[in-house]
Amino acid sequence: QLSVLHNFKGILFSTMSSKELLNSLDSFDAREDDVFLVSYPKSGTHWVAEVIENIPNAGITLTSPIEFGDISKFEELKAYSKRRVIPTHLNYDMLPVNVKQKQCKIIYIVRNPKDTAVSLFHYYRDNPNLPCVETWAAFFELFLRGDVVYGSWFDHILSWEEHKNDKDILIIFYEELKKDFAKSLKKITTFLDINVNDNEINKIASKTSFSEMKNNAVKENFDPNHTICALTADRNLVFRKGVVGDWINYFTSKQKRVFDELFTEKMKHSEVARHLKEFS
Ligand code: A3P
């Protein structure tokens, strides 16, 4: 198999994120009103992006991920005149220095890691831009070791959580979006200083439901250069099940034990971890 991933400073990236681009991230010229939509892969990025796009009069443009493409990326991003919403799966340390200096707003999406692992397993199987993986058991080991695209889930979350108070960061939970959509949406709109009324909230909810988004993906022709995910532009690969708790159909009791032990150890000081436990 031709290599679809490459190792950049110890973390695996898609070859669609060129080394030159990854090396030059710090030369990105951020604008003060940029919003970064950050997540570990399979945490609900497409969903939240669609929610933001459907906010009336938001005055924003959703761009492709900052790490997707080659060195011409920054020229492409310059061309947008509206407020940019820029998705990324980068960890905190790799985020362009300018974004940190200018205190750009950041929405960080978190999803329970067991469901994230199962979702990423299916992405590995279905997405030709990711390596082949034979079994769930084999993938589970890779995920535990952080030997997957964008590295360890734990390291990703912790890198961002460490900075949640010194930057303008809003943390959104996939599970909370599922449980109380209006509450999560209001958090997002308040954070972005946009007003929405109840009627608008209901409209956004129905336009961004799993079934609606899945059906639309089937109808769309995709543009390979316009994507929310640096791992594919084909939205048909994204909408799989869209539920909370599917991990139970994959994890053996031993895998659950091993995972929970690692989680407890790695996340012992994490407030995000405590929230995730409340949802499960
Ligand atoms: P599953 O594979 O568990 O179904 P990302 O957008 O970060 O790649 O995340 C993809 C995951 O979010 C997939 O999870 C996908 O089904 C789920 N998802 C996408 N849109 C959704 C929606 N509108 N409602 C609920 N889940 C959604």
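Numbering starts at 1 and runs along the sequence shown. Start at 1 and go down the list; that is how both ligands and their atoms are numbered.
- Note that CG of N91 is 4.5 Å distant from CD1 of I11, once rounded to the nearest 0.5 Å.
- Under 4.0 Å from any atom of ligand 1, one finds heavy atoms of residues K42, S43, G44, T45, H46, W47, R111, S119, Y174, K178, T208, S209, F210, M213, V238, F239, R240, K241, G242.
- The aromatic rings of F154 and F263 sit perpendicular to each other, their planes meeting at more than 60°, with 30° as the lower class boundary.
- Ring pair F140/F259 is tilted by interplanar angle, where 30° to 60° counts as tilted.
- Two rings, from F173 and H275, have their centers less than 6.0 Å apart.
- For the residue pair S64 / K73, a side-chain donor-acceptor distance below 3.5 Å is found, with atom types taken as modelled.
- Here the CD1-CG distance, from I106 to D168, works out to 8.0 Å after rounding to the nearest 0.5 Å.
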